[in-house]
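For reference, the structure discussed in these notes is given below.
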Amino acid sequence: MTAVALFGAGRIGKIHAANLAAQPGAHLKYVVDTHQPSAQELAAQYGARVSDIDSALADPEVGAVVIASSTDTHADLILRAAAHGKAIFCEKPVDLTLERARQCAAAVKEAGVACLIGFQRRYDPTFAAVKARIEAGEIGQPEVLVVTSRDPGAPPVDYIKRSGGIFKDMLIHDFDICRWILADEAISVQATASVLTDPAIGEAGDADTTAVTIRTRSGRLCQINTSRRAAYGYDQRFEVLGSLGMLQAGNHRPTEVTAYGGQQVSTDLPEHFFLERYRAAYALEMAHFFDVVQHGVTPRTTVEDGVKALELADAATRSWQENRLISL
């Protein structure tokens, strides 16, 4: 039985707690959160105890930690958990600064512990099927990846002010998809962005609508378009053009019923938000984490992947702010 300490009892912490409870051989022992009522409620739900950081990490029975707390706590918790020899699962991003993220990667390597970063899209059954079919050679050599990623609405401006900006907060998932699907590293990033949905986002120093072009070492191209507003729901699609054809991964809908009438043909809107769209992916990534912890399988999403995605996010931020192509 692997005892687990969960840091963060908010929205994503609750998702991970539920998925932890479903893992054979895993036991949620501690919940740690600065908001005590949230920690107490979640701990009571799963038979865990409320604790503080030091006590949870010092417990020799704790073999793994799940970090689902605010971004500004990630790096410190990774460093402290690594120093205690714990296996680590951490939500994205590793940190908002490259220097600190690289420090985490170095500490994890020195400690010899597993550290997975929560790029849950890699575990999504639809996206994973596209990756498998590319690797099987179905479309030959991938040449162009086009990613569409749109939220139904922006988070509160108070969150945006401390998020690190849209490229580090939102597009970091898309940068990971680019590296994963094309199996290549970027040599240049060109990004532009606008404020089209809410002037308050611009006043906070951020943007809400972006377009990014990435060129890889082998000359492959990736285009990413994102928006903080999609009136029709959570829009998550991509297509890969290869030398022998194309593969597309479309949106998920609550049902696959199509209605045919005298005036229109209609389907359900896409699922509303990431909690619904990636429900299966969150469960699969937690199951994979415990395969790593308990059976020693090779991690699919490492702290190094977190650093690489952050490098692209940092480059895109600079490209937008400085209005120039960034070479890597």
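Only heavy atoms go into these numbers, but all of them, side chains included; no hydrogens, no water, no symmetry mates. All residue numbers refer to positions in the sequence shown, counting from 1.
In this structure, a donor-acceptor pair under 3.5 Å is absent between the side chains of His173 and Ser149. In the model, Thr302 has a side-chain atom that pairs as donor or acceptor with a side-chain atom of Glu304 under 3.5 Å.
Connection of Phe175 to Val240 is established within a shared hydrophobic cluster, with ILVMFWY side chains joined at heavy-atom distances below 4.5 Å, either directly or through further cluster members. Note on Val65 and Val303: same hydrophobic cluster, where clusters join Ile, Leu, Val, Met, Phe, Trp and Tyr whose side-chain heavy atoms are under 4.5 Å apart, directly or indirectly. Val293 and Phe119 are not part of a single hydrophobic cluster, where members link through side-chain heavy atoms under 4.5 Å apart. Cluster membership check: Leu77 does not share its hydrophobic cluster with Val4, using side-chain heavy-atom separations under 4.5 Å among Ile, Leu, Val, Met, Phe, Trp and Tyr. In the hydrophobic clustering of ILVMFWY residues, with side-chain heavy atoms under 4.5 Å counting as a link, Phe274 and Ile172 come out apart.
Phe89 has its side chain out of reach of His288: every pair of non-hydrogen atoms, C-beta onward, lies at least 4.5 Å apart. Taking 4.5 Å as the limit, every side-chain heavy atom of Glu138 sits out of range of all side-chain heavy atoms of Leu244. Residues Arg229 and Asp208 are not in side-chain contact: their nearest non-hydrogen atoms beyond the backbone lie 4.5 Å or more apart. Within the 4.5 Å cutoff, the side chain of Cys104 has no heavy atoms near those of the Asp95 side chain. Val157 has its side chain within reach of Lys161: a pair of non-hydrogen atoms, C-beta onward, lies under 4.5 Å apart. Using a 4.5 Å heavy-atom cutoff, the side chains of Glu285 and His16 are in contact. Residues Asp268 and Val257 are not in side-chain contact: their nearest non-hydrogen atoms beyond the backbone lie 4.5 Å or more apart. Between Met246 and Gln248 there is a side-chain heavy-atom pair separated by less than 4.5 Å.
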Q. So Tyr30 and Asp59, side-chain contact (heavy atoms from CB on, under 4.5 Å) or not? Walk me through it.
A. CA-CA 10 Å; Tyr30 298 117; Asp59 187 340; 2.5 Å; yes
Q. What do the steps show when you test Val94 against Leu310 for side-chain contact (heavy atoms from CB on, under 4.5 Å), and what is the final call?
A. CA-CA 8 Å; Val94 177; Leu310 188 61; 5.5 Å; no
(Q) What verdict does the side-chain contact (heavy atoms from CB on, under 4.5 Å) test give for Arg179 and Lys308, after you've listed the backbone C-alpha separation in whole Å, the side-chain angles of each residue and the deciding distance to 0.1 Å? (A) CA-CA 9 Å; Arg179 295 185 59 249; Lys308 290 290 187 181; 3.4 Å; yes
Q: Check the pair Glu276 / His252 against side-chain contact (heavy atoms from CB on, under 4.5 Å), numbers first and verdict last.
A: CA-CA 9 Å; Glu276 294 84 12; His252 290 187; over 6 Å; no
Q) After noting the C-alpha distance and the side-chain angles of Asp184 and Thr216, does the key distance pass the side-chain hydrogen bond (donor to acceptor under 3.5 Å, both in side chains) rule? A) CA-CA 6 Å; Asp184 208 349; Thr216 72; 2.7 Å; yes
Q: With side-chain hydrogen bond (donor to acceptor under 3.5 Å, both in side chains) as the test, would you mind laying out the steps for Asp33 and Ser38 before giving the verdict?
A: CA-CA 7 Å; Asp33 196 294; Ser38 296; 5.5 Å; no
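Across all non-hydrogen atoms, the minimal contact from Lys86 to Val113 is O-CB, 3.5 Å. Of all heavy-atom pairs spanning Ile166 and Thr209, the tightest one is CD1-N, 4.3 Å. Between Met170 and Arg150 the shortest heavy-atom distance is CE-CA, 4.2 Å. The heavy-atom pair separating Leu96 from Lys168 by the smallest distance is O-NZ, 2.7 Å. Taking each heavy atom of Ala17 and Tyr46 in turn, the nearest pair found is CB-CE1, 3.8 Å. Shown here for Ser194 and Ala207, the closest heavy-atom pair between the two residues is O-CB, 3.4 Å.
The main-chain N or O of Ile326 is never found under 3.5 Å from a side-chain atom of Arg318 such that the two would form a donor-acceptor pair. Panel note: side chain Thr301, backbone Gly118; no donor-acceptor pair is recorded below 3.5 Å. Panel note: side chain Thr73, backbone Ser70; a donor-acceptor pair is recorded below 3.5 Å. Between the side chain of Ser319 and the backbone N or O of Ala315, no donor-acceptor pair lies under 3.5 Å. Here the side chain of Asp151 pairs no donor or acceptor atom with the backbone of Ala154 at under 3.5 angstrom. No donor-acceptor pair under 3.5 Å is formed between the side chain of Arg80 and the backbone N or O of Leu57. Under a 3.5 Å cut-off, the side chain of Gln294 and the backbone N or O of Gly25 do form a donor-acceptor pair. Between the side chain of Arg162 and the backbone N or O of Asp158, at least one donor-acceptor pair lies under 3.5 Å.
The CG atom of Leu145 sits 11.0 Å away from the CG atom of Leu247 when rounded to the nearest 0.5 Å. Taking OG1 from Thr213 and CG from Leu325, the interatomic distance works out to 9.5 Å, rounded to the nearest 0.5 Å. Considering OG of Ser227 and CG of Asn225, their distance stands at 8.5 Å, rounded to 0.5 Å. Between atom CD1 of residue Ile177 and atom CG of residue Leu171 there is a gap of 12.0 Å, rounded to the nearest 0.5 Å. Atom OG1 of Thr34 is separated from atom CD1 of Ile53 by 9.0 Å, given to the nearest 0.5 angstrom. Interatomic distance, Leu98 CG to Glu311 CD, rounded to the nearest 0.5 Å: 5.5 Å.
Looking at Glu135 and Lys131, a side-chain N of the basic residue comes within less than 4.0 Å of a carboxylate O on the acidic one, giving a salt bridge. Under the 4.0 Å criterion applied to side-chain N and carboxylate O atoms, Asp176 and Lys92 are not assigned as salt-bridge partners. Under 4.0 Å is where a charged nitrogen must lie from a carboxylate oxygen, and between Arg121 and Asp174 at least one such pair does. Electrostatic pairing of Arg228 and Asp169 counts as a salt bridge here, judged by a charged N lying under 4.0 Å from a carboxylate O.
More than 12 heavy-atom neighbours from other residues, nucleotides or ligands sit within 6.0 angstrom of CZ on Arg300. Residue-environment remark: CD (Glu256) exceeds the threshold of 12 foreign heavy atoms within 6.0 Å. For Gln36, the CD atom counts as densely surrounded, since its 6.0 Å shell holds more than 12 non-hydrogen atoms of other residues, nucleotides or ligands. For Gln40, the CD atom counts as densely surrounded, since its 6.0 Å shell holds more than 12 non-hydrogen atoms of other residues, nucleotides or ligands.
Screening Ile214, Ile187, Leu312 against Leu328 for a side-chain contact (heavy atoms from CB on, under 4.5 Å) leaves a single residue, Leu312.
Between Phe127 and Phe238, the two ring planes are tilted [angle within 30° to 60°].
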